[in-house]
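Each remark here refers to the structure printed beneath this line.
As the structure lists them, so they are numbered: ligands from 1, and atoms in each ligand from 1.
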Amino acid sequence: MFLEPLSRGHRSGWIEVITGSMFSGKTEELIRRLRRTQFANQNLIIYKPHNDIRYSKTKVVSHDSNSLESVNVKKSTDILKVPRDINVVGIDEAQFFDMDLPDVCEKLALSGIRVIIAGLDMDFMGRPFGPMPALMAIAEYVTKVHAICPHCGNLATHSYRLSDETETVVLGEKDKYEPRCRVCYNMGDKLDFRATNGKLKKK
Ligand code: ZN
């Protein structure tokens, strides 16, 4: 489990990335870390992209319905308007932000802020997603979390899209995606979980 580093000497910020597939517990882990900063009486603010309104417009909500208030922003440079007394910035669904986000996070960290980012590492095609690769490169700490593949019980690393839509961004939950391990992901629609009431079926 991630434990906060002790800060010594000059007041310095840093960048943490929490990443993995859908249903891997990224937002739960983000909320866990942010709640600990609240216990430590730190001032925090949470941002998310304005296009993520699956659960709530003004909250970061995990799959287990844990939630914290959040601010919606249209572009990543809007995050630079962070209030002066803030010690901790949380960013959820970071994969949907533009490519300025790594620069923005560097600036925040340099100004002494702890930046905690959660986002998908790969899109539904298994491709690195938006600014996430660059964020993982510049972060001091990267945590990969995993879901469980419902077909074989191994660790799931991929987000398999159940619908036929082909756009990179299709918002949805268990109706549209399921977590899969590398092997089951590559079997594609040969594995149809829904049609068999949970029993593995090979076409
Ligand atoms: Zn599997």
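A cation-pi contact, defined as under 6.0 Å to the ring centre and within 45° of the axis, is absent between Arg161 and Tyr177. No cation-pi contact links Arg180 to Tyr185, judged by a cut-off of 6.0 Å to the six-membered ring centre and 45° from its axis.
Remark: Glu106 engages Ile138 in a side-chain contact (heavy atoms from CB on, under 4.5 Å) (not counting sequence neighbours). Applying the side-chain contact (heavy atoms from CB on, under 4.5 Å) test to Gln42 and every residue at least two apart in sequence or in another chain returns Thr37, Ala40, Asn87, Val88.
The set of protein atoms (N, O or S) found at less than 2.8 Å from the Zn ion (ligand 1) reads Cys149 SG, Cys152 SG, Cys181 SG, Cys184 SG, by chain and number.
Residue Ile148 shares its hydrophobic cluster (ILVMFWY side chains chained together at separations under 4.5 Å) with Leu155.
The distance from the CZ atom of Phe97 to the OG1 atom of Thr77 is 10.0 Å, given to the nearest 0.5 Å.
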